[in-house]
Amino acid sequence: MNRPSNFMPTPDQDVLDVKPLRTLAPMFPAPLGVNTFNQSTSPPLIFVTPAGQFQGGFGDWNNSVAKSFFAFGSKDAGVGKAHTFGDQNADDGKAATFGDQNTDDGKAATFGDKDASGSQNTAIGDQDCAGGQPAAHWSSDVSANANGPIDTTPITVYRATQPNVISLDDDDDDDENYVANQTSASGRKIKRPSRLSRYNMNDGLGSDSSNSTKTKRPKASHKKASADNELTMVPPSGDPREIVEAVLMTFEALRRRHLQMDEAQETSKRADLKAGAIMMASNLRANNTGKRIGVVPGVEIGDIFYFRMELCVIGLHAPSMAGIDYMVAKFGDEDDSVAICIVAAGGYDNNDDDTDVLVYSGSGGNSKNNEERHDQKLERGNLALERSLSRKNVIRVVRGYKDPGCLTGKVYIYDGLYRIHESWKEKTKNGIICFKYKLLREPGQPDGVAIWKMSQKWVENPTTRGNVLHPDLSFGAENLPVFLVNDVDNDKAPQHFTYITQVKHSKPLSSMNPLKGCRCLSVCLPGDANCCCAQRNGGNLPYSSSGLLVCRKPMVYECGESCQCSFNCRNKVTQKGVRIHFEVFKTGNRGWGLRSWDPIRAGSFLCEYVGEVIDDAKCDLNSHEDDYMFQTLCPGEKTLKWNYGPELIGEQSTNISPDTFEPLPIKLSAKKLGNISRFMNHSCAPNVFWQPVQFDYEDDRHPHIMFFALKHIPPMTELTYDYGDIGTDSSGVPRAKNCLCGSSNCRGFFI
């Protein structure tokens with residue numbers, strides 16, 4: 001286009017000799033302003049982006065680069081309508097949000113390839129089960145002129161890295177290697193919303209930064225902590241599985257703590273987004289060397305997640321909202337954009353009844369507003385899926401389902417690798433043309449979603465569970481029946497014992513002083529300085545609104561019978577008994593074990609260790625006869641580090657080292673009297689930990705021993721805890737037994 005000769009650009013305008021789009025190599029979004037591009041001899045790509053990966057919350061919407069982006073993607077920029085950029089696929093017509101944004105008005109500005117999964121998940125606010133708070137409303141004031149000049153930067157000014165060759169095991173006829181392009185930092189500073197201004201964000205690659213902002217909350221010094229945290233929080237073994245679990249555990253610890261602070265201050269913000277921002281700023285991520293096709297190290301089929309940010313920090317699915325993740329890969333001498341991961345969460349009517357087949361709907365065009373509906377376009381994510389059909393590359397699939405424990409939440413299940421076998425277009429019930437892609441699951445993989453569907457069927461109708469030896473091992477003593485099943489051999493039942501739900505003390509408890517109760521009306525409230533139960537817990541209630549334990553403590557104090565608050569008080573969790581569908585099952589080589597039909601969130605209460613209190617004078621620790629003896633021995637390092645992360649937000653670490661751990665004198669035997677806890681086996685890599693809880697008496701030497709989930713636990717996964725770390729040398733420990741847990745860091749022995 002030729003401009004008039006008298007045209008004079010203003011100071012914030014540049015006149016550029018922009019090449020036609022067909023000469024430009026495609027560019028795709030990557031986390032936190034990190035830009036993934038193809039190293040080729042193609043003409044330089046003009047880079048225009050408002051915010052990098054974090055759409056709707058991490059960009060500077062007032063700078064000229066951001067405004068230029070609106071000129072490309074919006075018909076009504078700046079007039080108050082919902083701005084959608086790229087592929088948006090939300091069946092409710094509300095733009096997905098990233099940050100504290102209320103989508104009830106449907107006026108959210110959204111960015112990237114956004115499909116069903118992203119729009120649904122991010123619109124529910126901070127998902128903390130039934131007690132989740134709605135997200136606070138905020139908006140970005142963006143004014144763009146579609147006909148205005150464009151501030152751009154040639155991508156050649158950005159530092160490139162050498163591509164990383166990823167070899168995949170596939171059945172392609174042509175023997176080609178996929179080349180995944182590394183990412184490089186753009187160097188552009190990203191302006192953040194005020195709610196995140198206290199965090200010292202870097203460019204997402206772990207670079208140190210010393211900027212800090214005054215805040216009412218503890219101030220984190222990422223410059224000092226970033227490198228140290230990366231070394232101290234990532235397991236030294238280098239095992240990918242341990243690294244992924246450590247990253248997820250840190251994320252959850254930060255999220256729960258931020259949620260606790262928000263509830264105390266009566267603010268409704270997205271604790272998951274805050275935790276993700278801190279993780280990115282501190283370079284605490286797994287598999288952060290760039291996007292890849294195929295398997296992600298350390299992520300196993302069947303793993304479950306409750307937040308899209310969890311998928312981001314472990315490198316499973318980079319977009320925080322978009323349902324289609326894609327990249328530029330090299331096939332022989334050609335570069336092509338292909339899909340590498342999709343999240344199917346139900347925004348469109350994706351057909352997923354068959355656990356080995358998924359019919360996935362493309363992204364874009366879907367809206368409740370008839371004026372905004374349009375046919376889907378073969379671009380971005382849809383184009384990448386079409387190219388994957390031609391290239392026959394494998395695609396990771398994450399399926400989302402409603403969370404049984406949360407009315408507004410979702411559970412995301414990694415279901416392994418698929419390939420696209422065919423695609424077509426069809427008209428939806430809303431009258432738009434939609435792309436459809438049929439994916440078939442690669443054979444020979446472990447079951448993922450199939451186990452989920454099977455266990456949910458049992459929850460709905462327990463009679464469909466096969467190989468049941470007894471329909472309720474507790475004989476009605478628990479809130480829910482405990483099934484006894486054997487899928488392994490002909491063993492009919494475990495050794496005889498009497499099922500009880502309360503600890504049996506050898507001495508009367510009348511001599512103990514009752515625990516002093518609070519005077520709260522109805523329920524205890526977060527941030528109430530007059531609640532003595534909260535003050536006894538360090539000033540904060542120990543549980544979230546949905547009953548998740550925030551952090552591990554030497555002692556957790558719940559409200560008891562002497563408190564004036566009601567039974568519905570959030571500080572009465574463990575007293576309410578079992579709320580999970582358990583089954584006792586026969587293992588292959590470790591006797592009987594315990595597992596759940598339900599998905600279990602990290603921090604969830606499972607059960608109490610119930611048995612007879614053993615007098616020290618009568619307790620023979622060297623006896624080999626009692627395999628059901630519980631002692632408060634020092635658990636492994638993984639359990640002790642369940643809290644790690646407070647230093648990332650400027651708080652003092654609450655970790656306890658094995659050297660400073662002090663056991664409690666209480667000893668329990670569940671050999672003759674016990675409950676489901678007696679069936680939990682030992683593991684050197686446990687998914688459950690024990691926590692002392694007191695709610696009835698002042699004597700902290702004899703608390704209740706409660707079990708909580710160490711991490712997210714998929715259905716039908718055996719529940720295990722660490723019986724006690726005795727090291728790798730069993731000499732001098734008469735009760736030591738050979739460990740059969742099979743974990744990569746197995747110590748070899750347990751007691």
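This one's a predicted model, so the numbers in the text were calculated from it and none came from an experiment.
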(message) Going by the rule salt bridge (Lys or Arg N to Asp or Glu O under 4.0 Å), which residues pair with Glu608 if we only count those two or more places apart in sequence or in a different chain?
(response) none
(request) Just grab all the side chain to side chain donor-acceptor pair (under 3.5 Å) pairs involving residues 466-484, residues at least two apart or on different chains. (result) Asn467-Asp487, Asp472-Ser474, Glu478-Tyr499
(request) For Asp415, enumerate each residue passing the salt bridge (Lys or Arg N to Asp or Glu O under 4.0 Å) test, keeping only those at least two apart in sequence or located in another chain. (result) Arg399, Arg441
Show me, pair by pair, the donor-acceptor contacts under 3.5 angstrom made by side chains of residues 558-569, not counting sequence neighbours?
| residue | atom | partner | partner atom | Å |
| --- | --- | --- | --- | --- |
| Glu558 | OE1 | Val573 | N | 3.4 |
| Glu558 | OE1 | Thr574 | OG1 | 3.2 |
| Glu558 | OE1 | Gln575 | NE2 | 2.8 |
| Glu558 | OE2 | Tyr543 | OH | 2.6 |
| Glu558 | OE2 | Thr574 | N | 3.1 |
| Glu558 | OE2 | Thr574 | OG1 | 2.9 |
| Ser562 | OG | Leu515 | O | 2.6 |
| Ser562 | OG | Gly517 | N | 3.3 |
| Ser566 | OG | Ser522 | O | 2.9 |
| Ser566 | OG | Asn568 | N | 3.3 |

(request) Tell me whether the centres of the aromatic rings in Phe695 and His704 are closer together than 6.0 Å. (result) yes
(request) List in chain and number order the residues that pass ring pair (Phe, Tyr, Trp, His ring centres under 6.0 Å) with Tyr414, two or more places apart in sequence or in another chain; answer none if no residue qualifies. (result) none
(request) Please list all pairs passing the side chain to side chain donor-acceptor pair (under 3.5 Å) test where one or both residues lie in residues 683-692, with sequence neighbours left out. (result) none
(request) Output every pair passing salt bridge (Lys or Arg N to Asp or Glu O under 4.0 Å) with a member in residues 676-688, not counting sequence neighbours, ordered by first then second residue. (result) none
(message) I'd like to check the ring pair (Phe, Tyr, Trp, His ring centres under 6.0 Å) partners of Phe679; sequence neighbours left out, ordered by chain and number.
(response) Phe497
(message) So, using salt bridge (Lys or Arg N to Asp or Glu O under 4.0 Å) as the criterion, who are the partners of Lys553 when residues are at least two apart?
(response) none
(request) Give a yes or no on this: more than 12 heavy atoms of other residues, nucleotides or ligands lie within 6.0 Å of atom CD of Gln502. (result) no
(request) Can you run down the salt bridge (Lys or Arg N to Asp or Glu O under 4.0 Å) pairs that involve residues 565-580, sequence neighbours left out, and say none if there aren't any? (result) Glu263-Arg570
(request) Considering only NZ, NE, NH1 and NH2 on the basic side and carboxylate oxygens on the acidic side, decide whether Lys711 and Glu252 come within less than 4.0 Å. (result) no
(request) Kindly say whether Glu300 contributes a backbone atom to a donor-acceptor pair with the side chain of Asp303 at under 3.5 angstrom? (result) yes
(request) State which residues pass ring pair (Phe, Tyr, Trp, His ring centres under 6.0 Å) with Tyr609; sequence neighbours excluded, sorted by chain then number. (result) Phe630
(request) Using the salt bridge (Lys or Arg N to Asp or Glu O under 4.0 Å) rule, collect all pairs that involve residues 686-698, keeping only residues at least two apart or in two chains. (result) none
